[in-house]
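First up is the structure itself, then whatever we jot down about it.
Bear in mind the structure is a predicted one, so any value in this text is a computation, not a measurement.
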Amino acid sequence: MAAIPLLVCLPPRNPNPTSRFCFTTGSLCCCFSRRKVILTAAVAVTLPGSGKASSSAKTAFDGISNTKSWFQFYGDGFSIRVPPLFEDIMEPEDFSAGQTFYGDKAKPKTFAARFASLDRSEVLSVMIRPSNQLKITFLEAKDITDIGSLKESSKIFVPGGAKLYSARSYKVKDDEMPRTYYFYEFGLEGQHVALAAGISSGKAYVAGAAAPQAKWEDDGVVLRSAALSLTVL
């Protein structure tokens, strides 16, 4: 299994203070998702540092916000809610990545979306990767359960040496069938990270929200909610 690069989660090393867009509650027309998140854990497990896991609807995810008033960003095959006052920090070269010129091999696109707080200490990112890069298989993964269980997949999504606080699976009610997502929350090198992942048609969609550990007590609910708002379309 190949691990997802940690850079999906961490703040930019050279923050650019002049980003292009700022999303504030009420300043833009918000789109509402056609899907309904079922916050009941289909699988809830307890891993080191996570405390007692619960599968009840109320306690499946402790500490989340209602994100319907947030700006909803639509990307290539996914949508995600952007916390108020977060800015788009994608650079021009990020948009041209993945394209070919004169037959050259396309440069992989690092991020499908990337947003940060005004001081750049908190970041929300989305990456898209072929599922066969995560687990070698000749079959096209249609759901995240195709690459392994919640516990098995932690080797892909949680970096080695990280302190894992919780790991849960949950379902989003699709127009056709429920889709399973995996959620992990962990700490590493002074950062606290919430990560959600889902798979569709052979592509893995990974959303990571991170902040310094010292800020998580104040802003963790917002960041966790942002990661959980990932919807594979």
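In summary, the aromatic rings of F73 and F115 are positioned with their centroids under 6.0 Å apart.
Closest heavy-atom contact between S121 and P212: O-CD, 3.1 Å. Contact detail for A211 and E122: the closest heavy-atom pair is CB-CG, 3.6 Å. Of all the heavy atoms in P159 and L188, the pair that sits closest is CB-CD2, 3.8 Å. Among all heavy-atom pairs drawn from A209 and A227, the shortest one is CB-CB, 4.3 Å. Nearest heavy atoms, I80 versus A207: CD1-CB, 3.7 Å.
Counting heavy atoms from C-beta outward, K151 and Y182 have side chains that stay 4.5 Å or more apart. Here the side chains of L124 and L223 are not in contact, with every heavy-atom distance at 4.5 Å or above. Side-chain contact check for Y184 versus S154: some heavy-atom pair is nearer than 4.5 Å. Considering only heavy atoms from C-beta on, I128 comes within 4.5 Å of F78 through its side chain. Side chains of I199 and D143 form no contact here, defined as non-hydrogen atoms less than 4.5 Å apart. A heavy-atom distance below 4.5 Å is not found between the side chains of V193 and E185. V206 has its side chain within reach of L195: a pair of non-hydrogen atoms, C-beta onward, lies under 4.5 Å apart. Between I89 and R120, some side-chain heavy-atom pair lies under the 4.5 Å cut-off.
For the atom pair OG1 (T110) and CE (M127), the distance works out to 6.5 Å, reported to the nearest 0.5 Å. Here CD of Q191 is found 10.0 Å from NZ of K215. Values are rounded to the nearest 0.5 Å. The structure places OH of Y74 at 6.5 Å from CG of L233, a figure rounded to the nearest 0.5 Å. Here OG of S169 is found 12.0 Å from CZ of F183. Values are rounded to the nearest 0.5 Å. Remark: F157 CZ to F186 CZ distance equals 11.0 Å, nearest 0.5 Å. Annotation: the span from Q133 atom CD to I147 atom CD1 amounts to 12.0 Å, rounded to 0.5 Å.
Between the side chain of S153 and the backbone N or O of L150, no donor-acceptor pair lies under 3.5 Å. Judged purely by atom type and a 3.5 angstrom limit, R81 uses its side chain to pair as donor or acceptor with the backbone of W70. No donor-acceptor pair closer than 3.5 Å links the side chain of S65 to the backbone N or O of S225. No donor-acceptor pair under 3.5 Å is formed between the side chain of S200 and the backbone N or O of G198.
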(request) Begin with the C-alpha distance, continue with both residues' side-chain angles, and end with the deciding distance and a verdict on side chain to side chain contact (heavy atoms under 4.5 Å, CB included) for L228 and Y170. (result) CA-CA 10 Å; L228 286 168; Y170 61 99; 3.6 Å; yes

(message) Checking Y165 against H192 for the ring pair (Phe, Tyr, Trp, His ring centres under 6.0 Å) test, could you report, in this order, the C-alpha distance in whole Å, the side-chain angles of both residues, the deciding distance, and whether it holds?
(response) CA-CA 10 Å; Y165 300 123; H192 193 122; 4.8 Å; yes

(request) Please test S201 against K142 for side-chain hydrogen bond (donor to acceptor under 3.5 Å, both in side chains), starting from the C-alpha separation and ending with a verdict. (result) CA-CA 5 Å; S201 302; K142 299 183 182 299; over 6 Å; no

(request) Quick one: do Y205 and R129 satisfy side chain to side chain contact (heavy atoms under 4.5 Å, CB included)? Show the steps, please. (result) CA-CA 7 Å; Y205 298 81; R129 291 291 182 271; over 6 Å; no

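The pair R114-E91 does not count as a salt bridge, with every side-chain nitrogen at least 4.0 angstrom from each carboxylate oxygen.
Side-chain contact, Q72 with S79: a donor N or O sits under 3.5 Å from an acceptor N or O.
In this structure, K203 places its NZ atom where only 12 or fewer heavy-atom neighbours from other residues, nucleotides or ligands lie under 6.0 Å away.
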